[in-house]
Visitor: 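One structure follows; several queries about it will come next.
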Amino acid sequence: MTGPVLDPRALARQLEGRQLIDGKLVASRSGQTFDVNSPATGELVGKAAAGDAADVAAAVESAAKAQVAWAKVPARQRGKLVAECGRLLDEHKEELSRLVALETGKALRTESRVEAGVLADAFHFYGGLGSELKGETVPFNPDMLTMTIREPIGVVGAIIPWNVPMMLMALKIAPALVAGNTVVVKSAEEAPFAVLRVAELMARILPPGAFNILSGMGPECGGPLVAHPKVGKITFTGSVETGKIIYRAAADKLIPVTLELGGKSPMIVMDDADLDKAVAGAISGMRFTRQGQSCTAASRMYVQKGIHDRFVTALKAKVDAMKMGDPLDETTDIGTIVSRQQYEKVNAYIATGKKEGGTAHECSAMPADAKLAKGLYVRPVIFTGLPKDSKVVREEIFGPVTAVLKFDTFEEALAAANDSEYGLAATIWTKDLKTALDGARRLQAGFVQVNQNLVVQPGLSYGGVKTSGLGKEATLEAMLEHFTTKKTVIINMA
Ligand code: NAI
Ligand code: MG
């Protein structure tokens, strides 16, 4: 396994049944595996190792041993090694894109390649921040030289989801490693292979044990990782429900956690907005190309009454023009839902929305290709006319389903947008400066954009308020706050 392997099926077979522990690809201690099927064709992508507590113990022991030496590597040198991983991952960008497209059903051109690009970018970004792990001197007493030192926490456990597995993993492991921690990741059941390949590549550069990755079920593999006495920190991205389980388990050990959870991100479109830009923003914001499988999906669109009908017509036309198809086909815009479980969940929400009195505008056409007949394709749905207490309006669907809601005044839209248990992201579309600033200040969300809808970028603080999470990611501050501890040292010189 040296150069890039561009056939994702061949690459998955090479990685079958393995996890990366202590720098080596090894089978699970129990020998158990589970099937990972392509959501587009139903074919078996590969059998993934079913890690459990015994594998967690081996990985954490390796990480704990490696951490002692890793913390002694000068911080800038650690950064250089992490940046070197970024360079190698960049060289393997195409194979990683193909593999993640195969296992998750995300379209190669519109989604998987974009993810692989941000993956490498996160390593480059954090790789340059080694010398920023600085402390302070404190003017406490002229006879006492007083300073603070940033120290690594030790072994970090990271539990990641399937929707953007490589990128979300990178935003956790790159800062953790640069800060002098070692890491054990538990990948998502639906997407174990691309991240395992990332680990295998990183192991060519990092010392054995610095970075380990396990695959397996949440309770059987993720549970023991959170509970392991030598894991000093957990960083998690996934559902609110699982986030709470992890927070409770972390409380038993009194260890810090970072939680990046769900969302129901509002988009407010005022009458004076540029219609074309707002519609383009709705397409990207709702992540239609990712089948809406995003925690920041703009899944509640509050549109002022004067522009509402034109907005719905233009949005439907644009989504209609998007091609659903084989994720690995270059002409495909929209791939599949990741798993049977998510597929059923999304379809149940569509049925609920119809029962709740909404009008379901179904977009795009199902792929014609017979080999995709068993694929987990869902036609994007734009709901109009739903009541504000509808489940489709209030709950995270994680599918290509958005609700467009008509409003009269800005105050009404703002109140509706903030009337949610979530607070991850929000956007506002207007040409009026006062409305834009007012919205930016008063929207309850961790990431607010005006007249655009970009995805998370290294260097921009990212994370939610309310039940959308605890703590921030993607910045220098995130590395310092979430992957180091601060020690005060006082030297009495009197
Ligand atoms: P999940 O939160 O259950 O899974 C995420 C990760 O947590 C996976 O690696 C899983 O194996 C692990 N996990 C599950 N139970 C665990 C436990 N008891 N202890 C330790 N680790 C555990 O999310 P799932 O089931 O994949 O999706 C359900 C819903 O969650 C989605 O429909 C969506 O609404 C939301 N979600 C949000 C994401 C985000 O980016 N914030 C990502 C994925 C899902
Ligand atoms: Mg779950």
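Ligands are counted one by one from 1 in listed order, and the atoms in each one are counted from 1 as well. What you see below is based on every heavy atom in this structure, not just the backbone, and it leaves out hydrogens, waters and symmetry mates.
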Visitor: Do the side chains of K388 and D419 get close enough for a salt bridge, i.e. N-O under 4.0 angstrom?
Guide: no
Visitor: With the threshold set at 4.0 Å, does a side-chain nitrogen-carboxylate oxygen contact exist between E61 and K65?
Guide: no
Visitor: List every atom of ligand 1 that sits less than 4.0 Å from any heavy atom of G223, numbering the atoms from 1 in the order shown and giving each element.
Guide: 19 (N), 20 (C)
Visitor: Any salt bridge linking R109 with D333? Criterion: basic side-chain nitrogen under 4.0 Å from a carboxylate oxygen.
Guide: yes
Visitor: Would S187 count as a contact of ligand 1 if the rule is a heavy atom under 4.0 Å away?
Guide: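 The answer is yes, since S187 has a heavy atom less than 4.0 Å from ligand 1.
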Visitor: Specify side chain, backbone, both or neither for E189, according to which of its non-hydrogen atoms lie closer than 4.0 Å to ligand 1.
Guide: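 For E189, the contact with ligand 1 is made by the side chain alone.
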Visitor: Among protein heavy atoms, which lies nearest atom 34 (O) of ligand 1, and at what distance?
Guide: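 Result: E396 OE1, 2.7 Å.
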Visitor: Which is closest to atom 29 (C) of ligand 1 in terms of heavy atoms, K244, E220, K186, K345?
Guide: K345
Visitor: Could you tell me the residue and atom name of the protein heavy atom closest to atom 18 (N) of ligand 1, and the distance to it rounded to 0.1 Å?
Guide: I245 CG2, 3.9 Å
Visitor: Which one of L89, V100, I160 satisfies the side-chain contact (heavy atoms from CB on, under 4.5 Å) criterion with M166?
Guide: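 Running side-chain contact (heavy atoms from CB on, under 4.5 Å) over L89, V100, I160 with M166 returns exactly one hit, V100.
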Visitor: List the closest protein heavy-atom neighbour of atom 3 (O) of ligand 1: residue, atom name, distance to the nearest 0.1 Å.
Guide: T242 OG1, 2.9 Å
Visitor: If you measure from each heavy atom of V226 to ligand 1, is any distance below 4.0 Å?
Guide: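 No, V226 has no heavy atom closer than 4.0 Å to ligand 1.
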Visitor: Just which atoms of ligand 1 are under 4.0 Å from any heavy atom in T237?
Guide: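 Near T237, meaning under 4.0 Å from one of its heavy atoms, ligand 1 has 39 (C), 40 (O), 41 (N).
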Visitor: Who's the nearest protein heavy-atom neighbour of atom 27 (O) of ligand 1, and how far?
Guide: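 Answer for atom 27 (O) of ligand 1: Q342 OE1, 3.6 Å.
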Visitor: So if I count the atoms of ligand 1 from 1 in the order they appear, which ones are less than 4.0 Å from some heavy atom of E260?
Guide: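 Those atoms are 41 (N).
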Visitor: Do you know which of I213, L25, D55 makes side-chain contact (heavy atoms from CB on, under 4.5 Å) with Q19?
Guide: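 Of the listed residues I213, L25, D55, the side-chain contact (heavy atoms from CB on, under 4.5 Å) partner of Q19 is D55.
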Visitor: Could you check atom 42 (C) of ligand 1 against the protein and tell me its nearest heavy-atom contact, residue, atom and distance included?
Guide: P161 CB, 3.3 Å
Visitor: Please indicate whether any nitrogen or oxygen in F236 is less than 3.5 Å from any nitrogen or oxygen in ligand 1.
Guide: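 Between F236 and ligand 1, no N or O pair is found under 3.5 Å apart.
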Visitor: Do side-chain atoms of K253 reach the backbone of H228 as a donor and acceptor pair under 3.5 angstrom?
Guide: yes
Visitor: Without hydrogens or angle criteria, can the side chains of Y349 and E395 be said to hold a donor-acceptor pair below 3.5 Å?
Guide: yes
Visitor: Name the closest protein heavy atom to atom 9 (O) of ligand 1, giving the residue it belongs to and the distance to 0.1 Å.
Guide: I160 O, 2.8 Å
Visitor: Could you tell me, atom by atom, which parts of ligand 1 come under 4.0 Å of a heavy atom of A188?
Guide: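 Answer for ligand 1: 9 (O).
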Visitor: How far is atom 26 (O) of ligand 1 from the closest protein heavy atom, and which atom is that?
Guide: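 Here the nearest protein heavy atom works out to W162 NE1, 2.7 Å.
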Visitor: Return yes if a side-chain donor-acceptor contact under 3.5 Å exists between R300 and Y302, otherwise no.
Guide: yes
Visitor: Evaluating non-hydrogen atoms only, which member of G218, G157, S215, S468 is closest to atom 22 (C) of ligand 1?
Guide: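 That would be G218.
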Visitor: For atom 30 (O) of ligand 1, which protein heavy atom lies nearest, and how many Å away is it?
Guide: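 It is S239 CB, 3.0 Å.
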Visitor: Got a protein heavy atom sitting under 4.0 Å from atom 11 (O) of ligand 1?
Guide: yes
Visitor: Who are the side chain to side chain donor-acceptor pair (under 3.5 Å) partners of T384, not counting sequence neighbours?
Guide: H361
Visitor: Would you say K264 and S420 are linked by a side-chain donor-acceptor pair, where the criterion is simply a distance under 3.5 Å?
Guide: no
Visitor: Does L259 offer a backbone N or O that forms a donor-acceptor pair with the side chain of T237 under 3.5 Å?
Guide: no
Visitor: So, regarding C295 and ligand 1 (criterion: nitrogen or oxygen to nitrogen or oxygen, under 3.5 Å), is there a contact or not?
Guide: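 Between C295 and ligand 1 (N or O atoms, distance only) the closest approach is not under 3.5 Å.
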Visitor: With the threshold set at 4.0 Å, does a side-chain nitrogen-carboxylate oxygen contact exist between E189 and K186?
Guide: yes
